[in-house]
Amino acid sequence: MALRFYNTLSQQVEEFTPASHNTVRMYTCGPTVYDFAHIGNFRTFTFVDLLRKCLRANGFQLNHVMNITDVDDKIIRNAVAAHQPLAEYTKIYTDAFLEDCAALRLERPERLAPATEHIPEMVTAIEQLGVGQHTYATEGSVYFKIASFPSYGKLSHNDFSGNLAGARVDVDEYEKADARDFALWKTPKEGEPFWDTAIGPGRPGWHIECSVMAIKYLGETLDIHAGGVDLIFPHHENEIAQSESLTGKLFSRFWLHAEFLMVEGQKMSKSLGNYYTLRDLVAKGHAPEAIRYLLASVPYRKSLNFTMDGLKSAAIAIERLRNFKLRLETDRFAEGLNEQATARAAQASAAFTESLNDDLNTAEALAAVFEFVRDANSAMDAGEFRAGNAPAALAFLGLFDSIFDALRPSVKSGGLSDADIEACVAERTAAKKARDFALSDRIRDQLLEQGIILEDTKSGVRWKRK
Ligand code: AMP
Ligand code: ZN
């Protein structure tokens, strides 16, 4: 079946095709570079990466823009506190973000657009909104008048008709159901950086950058706009108000929103302090691909509870697939073809693709993978798997990896981490339990090659480094 997505705007699952030329014009909201991103942020960015890969798997080309918010309240506060110029401060965290993305194997969008490189375009847009009677200025700042945009609330499906006309907010983030006129341009406070422009000295509010850069690079109507659910209101609602007031056209046909990464029932966030950065976890010995796998394993519209056990299970799952691949590459199977195994590989591939096309149902896609691996391993143990079945099985693993990108081990400076070793040990124990002694021996030998010695004791397996 064709690719389909849940569209926040229509509140329906809809079939997706790009509006023109087979190219998906997509805009996703990027990081605010005031600090290292946490893995909650990366859940959303991993979703965007899966989205890219699934769009491409459906034969579409991509023209994807992601902004880098390199000026906002938090950035200015931190840069001033660090006595660093804004650009110097944000470069540190922009570079760190891009490094983290690379470690998590997230593809670069076709264009990264830093807000501060688009100030003149934002000023022009604010002037145009003024001509259209959508703005007013007070004390050097310019506000968007939400009463001038009657369909305000159409994305978040809130009825804002009872809101006070003229009530306004200066901060970039504010409470749900409390729609206010928001700042397009902010007058600088004492000691703050600013740009001298035709609409006065100041800096842009957060929302205008996305409208301006999306329209500049992708045109008036996007195919897809995506981000985390916390952006639906106010950020995306405000983007729609600005963009549609500027162009008179629908701003984006599809709106996709990823649910949160949670910790013990609460959103992972900087302000709650319940977060890990990618760097924290890698320093503890967790492989980036295990983190990627964990973040990808739950469908994006379901919240995902982060636990260390979950992360370990992700590492074990990857290890299982790597061992299966190794077995396919190194075992000597009897010549010929097992028709049933051929049919299983075809079914598994179809189920995998169909699950992803169903609004990126990654959990079901992974279930198809593991069911296939279990069946194929049993067929191998029973001597029923044939040499002629190996290419299709490897091709299916290739299909899996073209989306999940987990099989290639990350290059590490200090050899295998404790978490990697424990994942291998767990995989070996599972193999022994399944009486797959060839596999369990192979895992032991591989570990030995890496200088890890296993000892089977009454209380379980112990390991040590040589
Ligand atoms: P920010 O850097 O704060 O602008 O956020 C970058 C992206 O991360 C946005 O799309 C947010 O919606 C998303 N985000 C923030 N916290 C979480 C979380 N706990 N789980 C998933 N996505 C998040
Ligand atoms: Zn945005």
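Heavy-atom basis, side chains included; hydrogens, waters and symmetry copies ignored. For ligands, and for the atoms within them, numbers begin at 1 and follow the listed sequence.
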In terms of atom number and element, which parts of ligand 1 are under 4.0 angstrom from non-hydrogen atoms of [X]?
{"X": "Thr32", "answer": "1 (P), 2 (O), 4 (O)"}
{"X": "Phe260", "answer": "17 (C), 18 (C), 20 (N), 21 (C)"}
{"X": "His38", "answer": "16 (N)"}
{"X": "Phe45", "answer": "6 (C), 7 (C)"}

Strictly under 4.0 Å, does any heavy atom of [X] approach an atom of ligand 1?
{"X": "Lys270", "result": "no"}
{"X": "Tyr275", "result": "no"}
{"X": "Pro31", "result": "yes"}
{"X": "Glu259", "result": "yes"}

Report yes or no: does [X] contribute a side-chain atom to a donor-acceptor pair with the main-chain N or O of [Y] at less than 3.5 Å?
{"X": "Asn274", "Y": "Lys267", "answer": "yes"}
{"X": "Arg43", "Y": "Leu261", "answer": "no"}
{"X": "Lys270", "Y": "Phe36", "answer": "yes"}

Would you say the Zn ion (ligand 2) has Glu239 as a near neighbour, meaning an N/O/S atom of that residue under 2.8 Å away? yes
Do any N/O/S atoms of Cys29 come under 2.8 Å of the Zn ion (ligand 2)?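 It does; at least one qualifying atom falls short of 2.8 Å.
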Could you check whether [Y] and [X] have their ring centres less than 6.0 Å apart?
{"X": "His207", "Y": "Phe182", "result": "yes"}
{"X": "Tyr89", "Y": "Tyr34", "result": "no"}
{"X": "His225", "Y": "Phe251", "result": "yes"}

Is [X] salt-bridged to [Y], going by a charged N under 4.0 Å from an acidic O?
{"X": "Lys216", "Y": "Glu121", "answer": "yes"}
{"X": "Asp73", "Y": "Arg203", "answer": "yes"}
{"X": "Glu289", "Y": "Arg322", "answer": "yes"}
{"X": "Arg77", "Y": "Glu192", "answer": "no"}

For the Zn ion (ligand 2), which N, O or S atom of His235 is at the shortest distance?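 Output for this pair reads NE2.
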Output yes when the distance from some N or O of ligand 1 to some N or O of [X] is under 3.5 Å, and no in every other case.
{"X": "Gly40", "answer": "yes"}
{"X": "Met268", "answer": "yes"}
{"X": "Gly227", "answer": "no"}
{"X": "Arg43", "answer": "no"}
{"X": "Thr44", "answer": "yes"}
{"X": "Gly228", "answer": "yes"}

Could you verify whether a donor N or O on one side chain and an acceptor N or O on the other, from His64 and Thr28, lie under 3.5 Å apart?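 Side chains of His64 and Thr28: pair found under 3.5 Å.
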Does the side chain of Thr23 pick up a donor-acceptor pair with the side chain of Asn63 at under 3.5 Å? no
Given Leu295, Asn274, Asp230, Ile232, which has its nearest heavy atom closest to atom 11 (C) of ligand 1? Asp230
Report the part of Leu231 in contact with ligand 1, treating N, CA, C, O as backbone and CB onward as side chain, heavy atoms under 4.0 Å; options are side chain, backbone, both, neither.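 The side chain, only.
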